[in-house]
Asks: 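Take this structure first; my questions come after.
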Protein chains: 2
Amino acid sequence: MIAIGEASRQSGVGIETIRYYEREGIVPKPERAANNRRLYSLHDVGRLRFLRKCRDLGFPLADTKTLLDLSEGGSDDCQPVKELAEIHITNVRDKIGELRRLEAALSELTANCDSGNVSCPMLSKLRTAHGQ
Amino acid sequence: MIAIGEASRQSGVGIETIRYYEREGIVPKPERAANNRRLYSLHDVGRLRFLRKCRDLGFPLADTKTLLDLSEGGSDDCQPVKELAEIHITNVRDKIGELRRLEAALSELTANCDSGNVSCPMLSKLRTAHGQ
DNA sequence: TATAACTCCTGTAGCCACTACAGGATCAAG
DNA sequence: CTTGATCCTGTAGTGGCTACAGGAGTTATA
């Protein structure tokens, strides 16, 4: 059994984040030593690593919790996992599209923005009544 | 002079958001009618529209405030505008790259995730010790 | 004139997923 | 015995809104 700092190091999840996950009920309350310090098992560390990977993949915390429950549920049924992942990947693609539109709009706005320019074309475009 | 609801309609900025901008000092406190209701001029509406365009372009609110100040400052110097925009466009591109990596990782993870699968390959990959 | 429906006011809390303290207790090493 | 690392609880802050609650005033209709 290891302390929270070591569990943090081994899992890549920050100490404060581990405590936050505990408060939020994402992970079960760990054992406590006689001095009231949290004690984590290898299994607990594995769980934290699992959570970190889900979060790194951009899953919302609630989905991450669901995935963890599915993973520990034993059945390992693909169906609900697939659904969550597909919704998420759709969201990711939507965001990419949105950001690409942003990038294009910004490029266009700053196209004639030279350092030597006195009247800034970007500001004047932002001031016009167009674009709703 | 118009009320806040009309200013909201004309600018596309929500009523609560307008009041929030006022609290945060993004826009100056407007005139008040005898009944304590806020009164906005055409100039005020133009300012709100400017803010909305900046926000739609994804600029952080603080940058948006800076752009507004530059726009109203009179000098219309391109230099600081260009700098803000370039930092922002870099951030946007970074985010696009990050999301593309996410998309690829998710696609790979779910590649063999069929509805008929009993042991979910995505869950088992998330459980492995790899990937730090 | 009554009343309903609308708009406005202030102030506060919630969203997401942490992150950063403050203020204190305990522990290990020299 | 001191120093420094680690741990504890509890609270507040981040960004940029958004959603109330609870009340006051305004406008339109019966």
Asks: Between A:Ile18 (CD1) and D:dC7 (P), how many Å, whole number?
Replies: 9 Å
Asks: Would you mind reading off the distance between A:Ile2 atom CD1 and D:dC7 atom C1', rounded to a whole angstrom?
Replies: 14 Å
Asks: For A:Leu42, does the CG atom sit with more than 12 other heavy atoms under 6.0 Å from it, leaving out its own atoms?
Replies: no
Asks: Ignoring backbone atoms, test whether B:Asn35 places a side-chain nitrogen or oxygen under 4.0 Å from the OP1 or OP2 oxygen of D:dT26.
Replies: yes
Asks: Round to the nearest Å and state the distance from A:Arg32 atom CZ to D:dC8 atom C1'.
Replies: 8 Å
Asks: Between A:Leu61 (CG) and C:dT19 (P), how many Å, whole number?
Replies: 12 Å
Asks: Can you tell me how far P of D:dT6 sits from CE of A:Met1, to the nearest Å?
Replies: 20 Å
Asks: With nearest nucleotide decided by heavy atoms, which residue, B:Glu6 or B:Arg23, maps closer to the 5′ end of DNA chain C?
Replies: B:Glu6
Asks: For B:Phe59 and for B:Glu16, locate the closest nucleotide of DNA chain D by heavy-atom distance; then report the residue assigned to the nucleotide nearer the 5' terminus.
Replies: B:Phe59
Asks: Rounded to whole Å, please give me the gap between CD in A:Glu24 and P in C:dT19.
Replies: 14 Å
Asks: Using a heavy-atom cut-off of under 4.0 Å over every strand shown, decide if A:Tyr21 touches base, sugar-phosphate, or nothing.
Replies: sugar-phosphate
Asks: When rounded to the nearest 0.5 angstrom, what distance separates CG in A:Leu67 from CD in A:Glu72?
Replies: 11.5 Å
Asks: For a quick test of reading the model: is some side-chain N or O of A:Arg38 closer than 4.0 Å to OP1 or OP2 of D:dT9?
Replies: yes
Asks: Between B:Asp63 and B:Thr66, is there a side-chain donor-acceptor contact under 3.5 Å, judged purely by atom types and distance?
Replies: no
Asks: If only side-chain N and O atoms of B:Thr17 are considered, is one of them under 4.0 Å from the OP1 or OP2 phosphate oxygen of D:dT18?
Replies: yes
Asks: So, does A:Ser8 use its side chain to make a donor-acceptor pair with the main chain of A:Ile4 at under 3.5 Å?
Replies: no
Asks: Between the base of C:dT7 and the side chain of B:Arg37, is there a donor-acceptor distance below 3.5 Å?
Replies: yes
Asks: Just call it for B:Arg19: base, sugar-phosphate, or nothing, with non-hydrogen atoms closer than 4.0 Å on any strand.
Replies: base
Asks: If you check every side-chain atom of A:Arg9, which of C:dC18, C:dT19, D:dT6 has the closest atom?
Replies: D:dT6
Asks: Expressed as a whole number of angstroms, how long is the span from B:Glu22:CD to D:dT18:C1'?
Replies: 17 Å
Asks: Is a donor from one side chain sitting under 3.5 angstrom from an acceptor on the other, for B:Arg52 and B:Ser11?
Replies: no
Asks: Between D:dG15 atom C1' and B:Leu51 atom CG, what is the distance in whole Å?
Replies: 16 Å
